[in-house]
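What follows is a set of notes on a single structure, which appears directly below.
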Amino acid sequence: MTERFDPSQADGRWQRVWDERQTFRADDSSDKPRSFVLEMFPYPSGRIHIGHVRNYTMGDVLARYKRMQGFEVLHPMGWDAFGMPAENAAMEQGVHPGGWTRQNIANMKAQLQRLGFALDWSRELATCEPEYYGHEQALFLDLYAAGLVYRKESAVNWDPVDMTVLANEQVIDGRGWRSGALVEKRKLSQWFLKITDFAEELLEGLSTLDGWPEKVRTMQENWIGKSQGLRCTFKLAGTQDGIEVYTTRPDTIFGASFLAIAADHPLAASLAANAPELQEFIAICKRGGTTAAELETAEKLGFNTGLSVEHPLDPDWHLPVYVANFVLMDYGTGAVFGCPAHDQRDLDFARKYGLPAHRVVADGDNEALEYDSDEAYTGPGRLVNSGWMTGMSVAEAKAAIIAKAGQDGWGEAETQYRLRDWGVSRQRYWGTPIPFIHCETCGVVPVPKADLPVVLPEDVDFQTPGNPLVRHPTWKHVDCPSCGGKAERETDTLDTFVNSSWYFLRFASQPEDAPFDEAGIARWLPVEQYIGGIEHAILHLLYARFWTRALERIGKIKVKEPFASLFTQGMVTHETYTKQTTHKPVPSVLSEVEGLSFSSATPERQNSPSTSSGQTVEGGETINASEDVTIVLTQFLSPSEVRKEGGKAFEIATGEEVEVGRVIKMSKSKKNVVDPDAIVEKYGADAIRWFMLSDSPPERDLPWSEAGIEGCARFVQRLWRLFGQYDAAATGEDRALDRKRDSAVAATADDIEALGFNKAVARIYDLANAIDKAAPSASRSAAIRTLLLLVAPMMPHLAEEAWASIGEGLIAEADWPSFDPALLVEDEVTVAIQVMGKLRDTITVAKGLPKDQMEALALASDKVQRALEGKPVRKVIVVPDRLVNLVA
RNA sequence: GCGGACGUGGCGGAAUGGUAGACGCCGGGGACUUAAAAUCCCCUGAGCUUUGCUCGUGCGGGUUCAAGUCCCGCCGUCCGCACCA
């Protein structure tokens, strides 16, 4: 063996061997037990990010480990290749989105291959290719035929910067999730998927997902937002018309003191026709922002319509009707009854407009009718001041009033979901064309399956904003498949989340003439372990669950849940480096310069996360260009521009000391990024893989450091030297080392299966340390060989290189080391001796020593006798093989 | 406001109610070397009157022979959701 392990030649050599032998190709006809290990496929943005490396390394270790355990493993990779960055590149650089995307895929694939991931590249797919999206179109038509796709005119979230429609989930605090632009409402004819049909199923299914993080299940549960209550009608006094309200607190109906309707409620609109003041009020409501900060401070505003309604339990009891800014049109019925005593918003509103607040649920002993606190009571209790319901519990009253409403015909129980149908239309070029044709005579006509795929035209122009498909001279002009007359193609494309809602099925089975075949799905699904970022907790993961259930409902597949286990890994973080200079006045162009940020505030303001990617101006304050204002300009420096010495950091170019900031998520705007390729080049694939697994638990953030990666590279070399000491001819037994080896095998396996990679890494260090200290023996050689196998899933190149000289075949095809559990049993144990619960001594005794002997040995200890100070022992607790505690 | 997670050395973090700080990083000392790098060895929670003792897992209580771990009440940090009736 050579003195040093040289990744620069070994990595590529083994990668070629695996590739030539198709080592990681999943065999559909294998009779081994199967395991589908999947990491969320990347968007081909250009270069892989260190977060990808962490994600894929985890999946890779698991996949390689499963192979060693005798599983037939499916571990594929593909590209989530549609999306707006490609169009942005087209607009900015004059390139074609397809060319840009495919080039990025080629680059990123090469990067992934340099990391030595055990992937089945024969199943590689890119969602932007007709071979993929054509099948997606077919599935969309199937869902349409099943009534799960519909089109409707609706107000949509319009992003004026990206010039597209956004799903509710893509609107964050009233802004587009990508552009950060304020979202406007627009009316457009849109395609929708009926995810609400599955609201209950998707909710109930969560309880079967034992392998999912509680956090993600809770987030989805909240997103689906099930609530149960009463829908009922309040009659407009003196008419037969009524206002429908929805409430989850029908038990508080005796405490009602007003009705409030949303500003965009139809009744409000009709009343406004003849009331300019109301028109103005409605306009004010619509102007109101929706960000968290605005909502917190927003005053409850109302407009008294002068109308009144009859209380359903007493026609003579009239309640005023307000238009109110806090009532939402798109939840429930867009109208509520206000019970100020038991709802904070209603209470705020009542206090402002001088409306009564009547207690109907007792708060402890307090049964007074007049509610005088400024904090609504929402807890449990007995009903008071509530006529025939007085004395009931909240739950009893709810049931009673719902029953009564049903009998008397003014209301009924209703379950509401916050979940809305999924709008999938996007006015964009770079996506899956929606396979429909608009015919003046026949209406909306599906494209016949025989005519699929509907292929995107290549010759498109990006010089003007908007959808190039609309402007294309010929593409949309087709004959109607139904009547043969002149017709036009749908020019909207599908939301890219549709692409990622079924790709895991295509990995399992990819016939040419169908999206997948059922046998292939049955063979591999569900995914045994899915790994990705927490940012997909709602969107992608809910949509994928929905598609799987929808395809199951229409008989295409037999699985209901796509991902048996989900793991959300933490981010890779890095400290930030900043230097500050003061300037006046402010040249406005600087706000465009990457890596610069303004603030008139204190330096730590710099660390507040930006609200959108690419935004570089922070602080949020408007700066007046008056002469006495000094602007603090904070410039971020990248790690490569900084030299660290004795805990301090200096700019290499100037030698100036720079400020070391918080450890935060790597982002371009903070310049605290490292390039995986440069790391691989300098230290080798195994070192960066090892770093990704070391120290931090995988669900937590991992702080990147130069010292850390150097330590990993050193350990690679240390293992290499250790493996070089393997001596097949060595003789002699080392029982202690044998046990150490076997316990390391067992513990490492447990850790990997629990995805506790940081712990597995610690076991391996431990075993390596023990081998280092041990004298040569047959046991030591066996331990070295075992260590090699334990390390193989994590550092596959080093492992192959060493295995070549001591093993047979490829280590990637070797079995996980076995051991005799009987040998794990120690024959001696160290027992803790406590006096009054404090450790005073430890003794080494034969395993299984009887209690009385343990007690005797404990009492014989000098240290114990000193600690007892002559006091009599009152009680003795003996835990066999663990400890003795003497209570004096 | 609601929901969730977390809080342990200088740092990342270990620890089925049973020897707190495994393992790694940083740091210190030494060996080797003309020297450096690499490598190897030792030390490395704090304090003290140092064969050893005391304190120590955010804070305050409690349960227990025994608490980082369980219970109650606080404080703090992070994440998600949010005028959802």
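By convention in this document, chain letters (A, B, ...) are assigned in the order of the sequence lines, proteins followed by strands, and residues within each chain are numbered from 1.
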Could you pull out all residues at least two apart from A/H358 that satisfy ring pair (Phe, Tyr, Trp, His ring centres under 6.0 Å)?
none
Would B/G62 be called syn or anti, given that syn covers angles within 90° of 0?
anti
A/R718 side-chain N/O to B/U39 phosphate OP1/OP2 under 4.0 Å
no
Nucleotide-level pairing of RNA chain B, given in dot-bracket where Watson-Crick and G-U pairs need both distances under 3.5 Å and | marks other strands
(((((((..(((.....[....))).(((((.......))))).((((...))))..(((((..]....))))))))))))....
Distance in angstrom units between A/L702 CG and B/G13 C1', rounded
12 Å
Mind checking whether A/Y683 and A/F691 have ring centres under 6.0 Å apart?
no
Would you please indicate yes or no on a ring centroid separation below 6.0 angstrom for A/W690 and A/Y765?
yes
Any N/O donor-acceptor pair, A/N885 side-chain to B/C65 base, under 3.5 Å:
yes
Taking atom C1' in both B/C84 and B/G73, what distance in whole Å separates the two?
32 Å
C1' gap between B/C81 and B/G17, integer Å
36 Å
Between atom OG1 of A/T57 and atom CZ of A/F757, what is the distance when rounded to the nearest 0.5 Å?
9.5 Å
For the C1' atoms, the ones on B/C40 and on B/U50, what distance do you get once it is rounded to whole angstrom?
30 Å
Quantified in whole Å, what is the P atom distance between nucleotide B/A67 and nucleotide B/G12?
27 Å
Atom C1', compared across B/A46 and B/C65: separation rounded to whole Å
28 Å
Is A/Y765 close enough to B/G24 that one of its side-chain N or O atoms is under 4.0 Å from OP1 or OP2 there?
no
For nucleotides B/U19 and B/U57, find the distance between their C1' atoms and express it as a whole number of Å.
16 Å
Before we go on, tell me: are the rings of A/F5 and A/F723 under 6.0 Å apart, centre to centre?
no
Would you say the ring centers of A/F303 and A/Y322 fall short of 6.0 Å from each other?
no
Nearest whole angstrom, please: distance from the P of B/G80 to the CD of A/E221.
18 Å
Can you measure A/R4 atom CZ to B/U39 atom P for me and round it to whole angstrom units?
8 Å
When only distance counts, do a donor and an acceptor, one from the side chain of A/K300 and one from the base of B/C83, lie under 3.5 Å apart?
yes
Measure from CZ on A/R714 to C1' on B/C26 and round the result to the nearest Å.
10 Å
P spacing across the pair B/A20 / B/G56, given as an integer number of angstrom
13 Å
A/L319 CG to B/A85 C1', straight-line distance once rounded to whole Å
16 Å
Under the side chain to side chain donor-acceptor pair (under 3.5 Å) test, which residues partner A/T233, sequence neighbours left out?
none
Determine the Euclidean distance between corresponding P atoms of B/A14 and B/A22; express it in Å to zero decimal places.
13 Å
